[in-house]
Amino acid sequence: MFGYGDRVSYDTEALRNIYPQKSLWRRWNSLSRFQKNLISLTMVGVFVCVFIFVSMDKSSGLPGVNMANRLPDWRDQNILDLSYPNASNKFLGPLGPPVVGFNKDESVKRGDIRPLSREEEEEQIRVGEIPQKKEDQVVSKPKKLIFSGPKNEKQEAVVSAFRHAWKGYSEYAWGHDHLKPVSRTYNDWFTLKLTMIDSLDTIYIMGLNEEFDKAKAHLQSEFRLDINKDVNVFETTIRVMGGLLSAYHLSGDEFFLEKALDLGNRLMPAFNTAWGVPWADINLNTLKPHPPSWNSDSTTSEVTTIQLELRDLTRCTGINTFENAGAKVSEHIHTLQKKDGLVPIFISPMNGEFRKHSTITLGARGDSYYEYLLKQWIQTGMTVDYLKEDYLDSVSGMVKHLFKRSGPSGYLFVGELASGGSDFRPKMDHLVCFLPGTLALGTLFGMPQEHLRLAEELIHTCYKTYAIQPTGLAPEITHFNLQKDADSDFVVKSNDAHNLLRPETIEGLWYMYYVTKKHNIPGLGMGNFPGI
């Protein structure tokens with residue numbers, strides 16, 4: 001007898017005498033004909049299975065299934081099953097604020113809608129895993145919200161401005177993607193009615209019921225997703241899927257959820273890559289994904305800024321496929337080497353690696369990676385630790401490598417690193433102004449209070465990029481002087497002297513007001529309004 005940990009030795013010479021070795025050929029000849037036939041058939045079967053598996057991987061579908069003519073839906077998840085081991089345990093953490101049971105004849109009237117306090121949000125957190133969709137499964141549905149419209153002069157001014165813009169869209173671009181206001185014509189980027197769908201939640205919250213009903217009626221009769229059109233996965237997810245899901249949560253109308261589900265299924269083939277990193281584009285009819293014509297890689301911010309919508313689609317339908325697809329991307333990027341939490345702006349769907357020597361920036365193609373780390377962590381009930389860790393690491397990396405002060409006034413700004421992180425440039429996109437709001441939001445959920453101090457300084461810089469301009473509008477890109485004896489902190493180049501009506505600064509001001517309760521902040525936001 002021997003106990004655990006005892007050393008055991010064998011007399012290998014004695015074993016050879018007891019069990020003399022035979023050559024492989026002699027062993028084969030000693031088998032009966034039946035045994036030989038059985039082994040041969042088994043090997044043929046294995047080779048056939050391997051061949052089928054390889055064929056499936058190359059075609060992104062099942063043998064004999066024409067994916068262009070057979071769109072997968074939630075009743076047939078095996079066509080594009082993107083699940084992976086322990087996905088439900090690893091990524092499907094407790095839910096965020098739940099939606100309540102929905103009675104089609106029931107509504108909730110909200111005369112003065114306000115965000116939930118942190119205590120109210122925590123009270124509403126529901127713990128549990130998302131189940132697979134079953135025919136008899138009932139998914140909680142939102143109650144219809146009723147908004148009573150503007151209540152003061154400032155709100156009236158904002159609603160009036162929206163009505164003016166909506167009137168132009170209705171008259172000159174109805175049903176198309178974008179209005180071209182100067183020529184009074186339209187532009188179709190994806191032919192997905194982008195402006196209409198992207199505006200649904202705004203129309204509803206403003207209490208413009210007639211406009212909302214007219215847009216919904218148009219979509220019910222004219223909105224098709226089986227169009228032979230290449231679309232960008234990111235833009236389509238955040239604008240079309242996001243717009244449809246927002247309209248569903250506000251109105252409780254299942255038409256919007258059905259369309260969001262249809263779209264989600266059509267986008268899923270883009271994620272069918274070795275590492276789960278999606279291709280940038282996909283054809284909504286053939287379901288064939290591909291890189292954009294100008295670049296073989298995907299954009300880092302794009303592949304990491306679709307998770308909220310995909311997870312919400314899973315929450316609304318009970319279908320894990322969508323959340324799994326998005327979570328797999330985030331988990332993979334978590335494993336990649338970074339520069340103190342900072343990431344390059346391009347990543348390959350082919351090998352799952354960042355492009356070497358690409359720029360590190362919180363501006364275009366990098367921005368919302370950082371924003372969605374925090375918001376995903378909140379959305380999953382603050383249970384997925386790697387999201388929190390990556391977010392905190394990235395903020396530390398920003399402070400170390402990207403935060404600088406301008407001369408002569410000492411404004412805090414966020415620059416970028418070119419040449420793979422070795423060359424600092426004092427250049428800040430308007431897009432970077434998402435950061436103050438994100439930092440402030442994080443402090444409501446236990447992030448360091450130092451983040452709020454940084455947020456206050458950065459939102460002041462963002463506001464100044466508006467305030468110093470004659471029009472009251474910020475440029476698309478601002479450069480900063482680093483010399484203490486410079487004449488001005490800000491430098492605007494002619495190619496950057498345009499405003500794209502981006503929302504980051506206004507959103508940041510709102511977050512700062514919500515977090516700090518400083519009553520002068522709304523006035524700063526309205527101060528930008530006349531320029532618009």
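For residues 155-165, the set of pairs meeting the side chain to side chain donor-acceptor pair (under 3.5 Å) definition, not counting sequence neighbours, comprises Arg163-Glu211.
Within a 6.0 Å radius of CD in Glu171, more than 12 heavy atoms belonging to other residues, nucleotides or ligands are found. The number of heavy-atom neighbours closer than 6.0 Å to NE2 of His498, taken from other residues, nucleotides and ligands shown, is above 12. Other residues, nucleotides and ligands contribute over 12 non-hydrogen atoms within 6.0 Å of the CG atom of Asp423. Counting heavy-atom neighbours within 6.0 Å of Phe223 CZ, excluding the residue itself, gives a total above 12.
Relative orientation of the Phe413 and Phe424 rings is tilted, given thresholds of 30° and 60° on the angle between their planes. Note on ring orientation: taking the six-membered ring where Trp is involved, the planes of Phe212 and Phe256 are tilted (angle from 30° to 60°).
For Cys316, there are no disulfide bond (SG atoms under 2.5 Å apart) partners, not counting sequence neighbours.
What you find for Tyr370 and Leu342 is that their closest heavy atoms are OH-CA, 3.6 Å. For the pair Leu192 and Ile197, the tightest heavy-atom approach, listed with the atom from each and the gap, is O-CD1, 3.5 Å. Nearest heavy-atom pair across Pro436 and Leu458 is CG-CB, 3.6 Å. The minimum heavy-atom distance linking Pro349 with Ser296 is given by the pair CD-O, 4.0 Å. Shortest non-hydrogen contact noted between Ile282 and Ala270 is CD1-N, 3.8 Å. Met447 and Tyr391 make their closest contact through CE-CD2, 3.7 Å (heavy atoms, listed as atom of the first residue, atom of the second, distance).
Partner Glu416 forms a salt bridge (Lys or Arg N to Asp or Glu O under 4.0 Å) with one of Lys339, Lys427, Arg365 and no other, that one being Lys427.
Without hydrogens or angle criteria, Asp188 side chain to Asp177 main chain gives a donor-acceptor distance under 3.5 Å. Using modelled atom types, one side-chain atom of Ser221 and one backbone atom of His218 make a donor-acceptor pair closer than 3.5 Å. The closest donor-acceptor contact from the side chain of Ser406 to the backbone of Tyr411 lies under 3.5 Å. The backbone N or O of Ser301 lies less than 3.5 Å from no partner atom in the side chain of Thr299, so there is not a single donor-acceptor pair.
The residues Arg453 and Glu457 are annotated as salt-bridged, a charged nitrogen and a carboxylate oxygen being separated by less than 4.0 angstrom. A salt bridge is defined here as a Lys NZ or Arg NE, NH1 or NH2 lying under 4.0 Å from an Asp or Glu carboxylate O, and Lys338 with Asp393 fails to meet this definition.
Both cation-pi conditions hold for Lys517 and Tyr514: the charged atom is under 6.0 angstrom from the six-membered ring centre and inside a 45 degree cone around its axis. In this structure, Lys464 is not positioned above the aromatic face of Phe490 in the sense of NZ or CZ being under 6.0 Å from the six-membered ring centre and within 45° of the axis.
Rounded to the nearest 0.5 angstrom, Leu387 CG and Tyr372 OH are separated by 13.0 Å. The distance from the OH atom of Tyr463 to the CG atom of Leu524 is 5.0 Å, given to the nearest 0.5 Å.
No hydrogens or angles considered: a donor-acceptor pair under 3.5 Å links the side chains of Ser183 and Thr185. Looking at Asn228 and Asn283, their side chains do bring a donor and an acceptor atom within 3.5 Å of each other.
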Verdict with reasoning, Val240 to Phe190, per side-chain contact (heavy atoms from CB on, under 4.5 Å): CA-CA 10 Å; Val240 183; Phe190 300 147; 5.9 Å; no
Would you sort out whether His176 and Asn187 count as a side-chain contact (heavy atoms from CB on, under 4.5 Å), showing the intermediate values? CA-CA 7 Å; His176 295 280; Asn187 167 262; over 6 Å; no
Does the pair Asn481 and Asp489 meet the rule for a side-chain contact (heavy atoms from CB on, under 4.5 Å), with working shown? CA-CA 5 Å; Asn481 278 315; Asp489 296 82; 5.8 Å; no
Before giving the answer on side-chain contact (heavy atoms from CB on, under 4.5 Å), spell out for Tyr511 and Ile459 the whole-Å C-alpha distance, their side-chain angles and the decisive distance to 0.1 Å. CA-CA 10 Å; Tyr511 273 119; Ile459 197 63; over 6 Å; no
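In this structure, Leu219 and Lys259 have side chains that are not in contact, with every pair of non-hydrogen atoms separated by 4.5 Å or more.
Aromatic rings of Tyr169 and Trp166 (six-membered ring for Trp) have centroids within the 6.0 Å cut-off, being under it.
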